[in-house]
2 protein chains.
Amino acid sequence: MGRRSDHSREQIARMALEAARRIVREEGLGALTARRVAGAIGYSPGTLYLVFNNLDGLIMQLNAGTLDELFALLRRAAESGDGGRASIRALARGYVGFSLEHARLWGAVYEHRLPVGEQVPPWLQTRIERLVGLVETPLRELAPERDADQVRLAANALWSGIHGACILHLSGSLEKTRGGSPLEIADSLVDHYLRGFCGT
Amino acid sequence: MGRRSDHSREQIARMALEAARRIVREEGLGALTARRVAGAIGYSPGTLYLVFNNLDGLIMQLNAGTLDELFALLRRAAESGDGGRASIRALARGYVGFSLEHARLWGAVYEHRLPVGEQVPPWLQTRIERLVGLVETPLRELAPERDADQVRLAANALWSGIHGACILHLSGSLEKTRGGSPLEIADSLVDHYLRGFCGT
DNA sequence: TGTTTTTTTGAACGTCGTTCAGGTTTTGCG
DNA sequence: CGCAAAACCTGAACGACGTTCAAAAAAACA
């Protein structure tokens, strides 16, 4: 078959990402192959390579979408609180909830590995950093006496902790028996860390 | 070629794991293939399957060895402290140090994914849980008034935090600029969490 | 209409994990 | 020692993977 012009390049990209999203959501990143995505949108594998550099590019765009969704959720969560401790707790719970509800899509963000030597593109890196930034605002309110570097460090520490709880849960590495759900772990981290960070 | 009997099955397994270790240490898990391991030990790919169920089995045995090394290191670290806060700090720093020094071997433990439906075998699961257990002993000393479940939760929380810091660093997801090294993040987590956990 | 341009294909390449019929060497036995 | 039986190891083969690109086909243009 030759030229069809049924869809523009942008349309094909959108369709491919949509199909990829469905595959990853239902079967995980391991089930995502170029042939499957192509088949799902009624095009041949070669066509995908007119739209994406390679599968890694497709996956990174998929992950960018997932991170955008997560960002929107967390921004709402942060605004729902009163701006201090409640916001941070809401952020933590929002992150845990997202990682549980969209486990495979969220997992794909951290499961995917670039070939050695390749760098995470800035437009994806930015989306990750933007997330950690959400913690800084309420942290600043909560501990006005701390300088920017200390707040940044605390935000990274809290973020690492919540993230670690989620990822250890996803990989099944955390003890299931009496070990605490990721939600309990996240709450514990936030409560005790904050109590230590700003003496309250 | 036919029967050789140059090495016993156990010897072949040891040689294969040694070769796999070198490959992963130098080039990462992505460079590990059955053909490469087989070639490195002077056997054909088929022979590997007489010794391991499949590549996943080889990788999990490799990871078990890595976790054993980590456990030995952390046990020494915990004993070096006075048993309380210093031990926990030493554990955190030991974990971070290991993850940095043996980045690719350590990363392989968490990068490797079983095919869907497969479970992590108990002999590997045990090695992971044993690690978190190392945190509980000094935690108990530090907060004698807490019951076992609370100590367990705190150990999991601290472990998740340290682990999260390391894995975000490895994947390059943490801001490099003024974000704090994994060591700083780990110290911050331990110090502030412990101050909140046992009011000191 | 014929010609050019654009778009899409799908066979092909090299790689992967994995299998297994068959060849080769050792072993056991008379 | 000779010869069958057993044990061991090979390597070609299979299907699937990411990726490429000559060529076919359709659209656009003349």
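When reading the values below, keep in mind they use all heavy atoms of this one structure, side chains included, and skip hydrogens, waters and symmetry mates. Letters A, B, ... mirror the listed sequences (proteins, then strands); counts begin at 1.
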Peer 1: Specify the closest pair of heavy atoms between B:L189 and A:Y193, including all atoms of both residues, with the distance to one decimal.
Peer 2: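 Closest heavy-atom pair between B:L189 and A:Y193: CA-CE1, 3.8 Å.
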
Peer 1: If the threshold is 4.0 Å, N to carboxylate O, is there a salt bridge linking B:D191 and B:R85?
Peer 2: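 Judged by the 4.0 Å cut-off on N to carboxylate O distance, B:D191 and B:R85 do not form a salt bridge.
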
Peer 1: Quick one: bend of the helix from C:dG2-D:dC29 to C:dG30-D:dC1 from 5 pairs per end, to 10°?
Peer 2: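 Roughly 30° between the end axes, to the nearest 10°.
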
Peer 1: What integer distance in Å separates A:H112:NE2 from D:dG18:P?
Peer 2: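 That distance rounds to 11 Å.
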
Peer 1: Would you say a side-chain N or O of B:T47 is under 4.0 Å from OP1 or OP2 of D:dT10?
Peer 2: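 For D:dT10, OP1/OP2 do have a side-chain N/O of B:T47 under 4.0 Å.
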
Peer 1: Remember a base hit wins even if backbone is also touched, and classify A:S44 as base, sugar-phosphate or nothing at under 4.0 Å, heavy atoms.
Peer 2: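 The answer is base, as A:S44 lies within the cut-off (heavy atoms under 4.0 Å) of a base atom.
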
Peer 1: Could you tell me how far apart A:D56 (CG) and D:dC17 (C1') are, to the nearest whole angstrom?
Peer 2: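 Taking atom C1' of D:dC17 as the reference, CG of A:D56 is at 13 Å.
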
Peer 1: When all nucleic acid strands are considered with a 4.0 Å heavy-atom cut-off, which category describes B:L58: base, sugar-phosphate, or nothing?
Peer 2: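 Result for B:L58 = nothing.
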
Peer 1: Minimum heavy-atom separation for B:V37 to B:L58, with atom names?
Peer 2: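 Closest approach of B:V37 to B:L58: CG1-CD1, 4.3 Å.
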
Peer 1: Take the protein atom CZ of A:R36 and the nucleotide atom P of D:dT19, then report the distance between them rounded to whole Å.
Peer 2: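 Going from CZ in A:R36 over to P in D:dT19 covers 17 Å.
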
Peer 1: On DNA chain D, nearest-nucleotide positions of B:R35 versus B:R9: which is more 5'?
Peer 2: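 Its nearest nucleotide being more 5', the pick is B:R9.
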
Peer 1: What is the distance from CG of A:N54 to C1' of D:dG18, rounded to the nearest Å?
Peer 2: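 Going from CG in A:N54 over to C1' in D:dG18 covers 9 Å.
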
Peer 1: In whole Å, what is the span from the CD1 atom of A:I59 to the P atom of D:dG18?
Peer 2: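 For the pair A:I59 CD1 and D:dG18 P, the rounded distance is 8 Å.
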
Peer 1: Give the rounded distance in Å between these two atoms: CD of A:Q11 and C1' of C:dT7.
Peer 2: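 Rounding to the nearest Å, CD of A:Q11 and C1' of C:dT7 are 15 Å apart.
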
Peer 1: Which atom pair, heavy atoms only, marks the closest approach of B:V116 to A:E27?
Peer 2: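 Smallest heavy-atom distance, with atoms named: CG1-O, 4.1 Å.
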
Peer 1: Answer yes or no: does atom CD of B:Q119 have more than 12 heavy-atom neighbours from other residues, nucleotides or ligands under 6.0 Å?
Peer 2: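 No - once you tally the heavy atoms of other residues, nucleotides and ligands closer than 6.0 Å, there are 12 at most.
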
Peer 1: Quick one: on DNA chain D, does A:A31 or B:I12 contact a more 5' nucleotide (nearest heavy atom)?
Peer 2: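 This one resolves to B:I12.
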
Peer 1: Look at the aromatic rings of B:F197 and A:H192 and report parallel, tilted or perpendicular, splitting at 30° and 60°.
Peer 2: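 If you compare the ring of B:F197 with that of A:H192, the planes turn out perpendicular.
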
Peer 1: Looking at C:dT19, I'd like to know if its phosphate oxygens (OP1 or OP2) sit under 4.0 Å from a side-chain N or O belonging to B:Y49.
Peer 2: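 So the side-chain polar atoms of B:Y49 never come under 4.0 Å of the phosphate oxygens OP1 or OP2 of C:dT19.
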
Peer 1: To the nearest Å, give me how far apart CG (B:L55) and P (D:dC17) are.
Peer 2: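 Checked: the CG to P distance equals 17 Å.
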
Peer 1: Kindly point out which of D:dT10, C:dT18, C:dT9 is positioned nearest to the side chain of B:L50?
Peer 2: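 Between D:dT10, C:dT18, C:dT9, the one nearest the side chain of B:L50 would be D:dT10.
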
Peer 1: Measure CG/B:L48 against P/C:dC20 and give the value in whole Å, please.
Peer 2: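 Distance check: B:L48 CG to C:dC20 P gives 17 Å.
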
Peer 1: For the backbone of B:S8 and the side chain of B:Q11, can you confirm whether one donor and one acceptor N or O come within less than 3.5 Å of each other?
Peer 2: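 Yes, the answer is positive, given that a donor and an acceptor are paired below the 3.5 Å cut-off.
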
Peer 1: Heavy atoms from C-beta onward define the side chain here; which of C:dT18, D:dG18, C:dT9 lies closest to that of A:T33?
Peer 2: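 The closest nucleotide is D:dG18.
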
